[in-house]
Amino acid sequence: MPLRVLISANPARGHINCAVGFGDLLKNHGHTILYTQREAFRNLAESHGFEFIPFDEKFFETEEKDHFAQWTKNNAHLFRFDGVERYRQFQQADRERYGELMIEYPMINEALGKVLRETPEIDVLVVDMVVKFPCIYDSGIPCVKLASFNPLVLYPNGVPAWTGFSTKLKNRAIIEDYYKVYREGCSVLTDRMKNWYRSCGKDEWAEEFDSIKYADIDTELGFYHYADDLDYHEFSPTYPNWYRVDFCARESKKKFNVPSKLQNLSGKLIFFSMGSVASMDHEIMKMLLKILSKSPHRFIVSTGACGDQLELYDNMWGEPYVDQIAILQTVDLVITHGGNNSLMETLYYARPMIVIPYFFDQLDNAVRVEEKQIGRQINIWDFDEEKLLNTIEDVLGDNQIKENVEKISENMKKSTSREEAAKRVEELVKTKRQSKRKD
């Protein structure tokens, strides 16, 4: 029986794109997909054949314009350090700015809550929301959670997530030091989250909240997006009720044609993207583009929301938003920030990569890329021109890396995890209906 599925996600590209990919998965199994988010995402949802339900903008009237872009700019100086040292450097002003990360949460909770109350016949809700949102739990609608980030956070026996630690780290002193400086750095964020939960009548959530477990892990059914060959099997099991989907990306039927500016140039074709957040850091972007201008290769550049303020050199072509799925099927190498969706998309199309992580789970993905020998990582806080240019040549000439990404790509394409995910969603709804009839 076809289901009416309401999908939503945090208003950030990684979460949005993963949710859209999961919507495609369920739509291909005959279900009706409703997508709710702010008006800016209408075209994206409708281009995938989803019915779009806009958030009521009155809930966002007090929000600062381009809030997340401003948050990134305010905190950019902190991302020059590694996954532990950045939190050790926090001053009280930094803690205050970091606490602004949750400023949209109450607004989203009100807007999504209104949609849940006013939209009839929702069989199941699918969300990629990072933290617990009261309106979801209060709705009584069966809920499936998505984790669009690196799944290390889902493994209680793993090394700390979002650190860039080696998976072979055994030194408890280093781990405990990280927990200490991270909790101190997030102290204002933690206080604000607890106060918000208390204001919503969720005193128990406030008592339980811990910045180390920032993600909304408790679930009846959840899916994370990661290739089996990269997954953290050495730390199994995950928290209960979480299942892997090897590929959950947006679909694209478009073909990318190499721009005329680059067609007559020599060299390999390389895609360069620092994602929607790191691309707002102009200092980093300008530095990287200047270095890449000295390479003998050609570059397709995703310049991001502030791309009109960047200079592209003669061996480059770019736009603020590009069709990444189509481009990945054309290029020889990918230089990426290591966002989870970009990593999986790059692997699905069997492209070797260089990861330049900026923050959060990108640090863990960069480590995993090297551990699994599918590319190399470059650290922003330990950086030089020669190293990047030499790494490009090394990866392009490394046959073992090419063999490894081709094998992973083949396994991702053969995986039945997408079909299994759809069946699990259907079974959850069926079980809930039966339980309701008994009551």
Side-chain angles (χ1 to χ4, degrees), residues 1-10 14-36 44-45 48-51 122-130 136 141-155 215-233 236-252 325 339-349 361 408-434:
M1 178 178 176
L3 304 177
R4 279 172 56 85
V5 183
L6 180 67
I7 293 182
S8 193
N10 265 33
H15 302 291
I16 291 288
N17 289 340
C18 183
V20 167
F22 202 84
D24 283 335
L25 183 161
L26 294 176
K27 179 173 176 285
N28 291 339
H29 279 77
H31 303 301
T32 298
I33 308 301
L34 297 80
Y35 198 97
T36 184
L44 175 64
H48 286 260
F50 304 159
E51 178 184 333
I122 301 173
D123 294 306
V124 62
L125 177 63
V126 178
V127 296
D128 188 341
M129 286 295 192
V130 185
I136 294 173
I141 300 171
C143 182
V144 175
K145 296 175 185 174
L146 303 180
S148 54
F149 38 77
N150 175 289
L152 189 55
V153 71
L154 300 176
Y155 285 89
D216 185 4
I217 291 170
D218 298 330
T219 185
E220 290 184 289
L221 181 61
F223 298 100
Y224 62 95
H225 183 199
Y226 220 58
D228 186 23
D229 291 291
L230 262 66
D231 207 348
Y232 295 91
H233 298 295
S236 292
T238 63
Y239 285 101
N241 306 319
W242 283 95
Y243 300 90
R244 182 186 61 255
V245 178
D246 288 66
F247 189 63
C248 183
R250 302 154 293 155
E251 298 175 357
S252 176
I325 300 295
N340 210 58
N341 289 323
S342 293
L343 176 62
M344 292 305 108
E345 291 165 2
T346 300
L347 282 173
Y348 188 82
Y349 293 108
D361 66 328
I408 293 174
S409 173
E410 181 181 352
N411 290 340
M412 291 174 77
K413 292 173 181 176
K414 291 192 299 186
S415 171
T416 60
S417 60
R418 290 170 61 87
E419 290 72 24
E420 293 166 3
K423 291 178 182 177
R424 290 185 188 278
V425 173
E426 293 161 358
E427 188 60 33
L428 173 68
V429 176
K430 180 180 177 182
T431 300
K432 288 291 186 179
R433 286 175 175 172
Q434 290 174 343

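Counting from 1, the numbers follow the sequence of the chain as shown.
Side-chain contact between Val144 and Val124 is present, with heavy atoms from C-beta onward closer than 4.5 Å.
Rounding to the nearest 0.5 angstrom, the gap separating the CD1 atom in Ile141 from the CG atom in Leu6 is 7.0 Å. Atom NE2 of His31 sits about 3.5 Å away from atom CD of Glu426, to the nearest 0.5 Å.
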Take Asn17 and Asn341, measure what side chain to side chain donor-acceptor pair (under 3.5 Å) needs, and give me the verdict at the end.
CA-CA 8 Å; Asn17 289 340; Asn341 289 323; over 6 Å; no
Decide side chain to side chain donor-acceptor pair (under 3.5 Å) for Asp246 and Ser417; before the verdict, give the C-alpha distance in whole Å, the side-chain angles of both, and the deciding distance to 0.1 Å.
CA-CA 6 Å; Asp246 288 66; Ser417 60; 3.1 Å; yes
Is there a side chain to side chain contact (heavy atoms under 4.5 Å, CB included) between Asn340 and Ser148 once you walk through the steps?
CA-CA 7 Å; Asn340 210 58; Ser148 54; 5.8 Å; no
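Taking a cutoff of 4.0 Å between a charged side-chain nitrogen and a carboxylate oxygen, Asp123 and Lys432 do not qualify as a salt bridge.
Annotation: cation-pi pair Arg424/Tyr243 present, NZ/CZ under 6.0 Å from the ring centroid and within 45° of its normal. The cationic group of Lys145 does not satisfy the cation-pi geometry with Phe223, failing either the under 6.0 Å distance to the six-membered ring centre or the 45° limit from the ring axis.
Under the side chain to side chain contact (heavy atoms under 4.5 Å, CB included) test applied with Phe50, the options Thr36, Val20, Thr32, Leu34 reduce to a single match, Val20.
Using cut-offs of 30° and 60° on the angle between ring planes, the pair Phe247 and Tyr349 is perpendicular. Using the six-membered ring where Trp is involved, Tyr232 and Tyr226 have ring planes that are parallel, under 30° apart on the 30 and 60° scheme.
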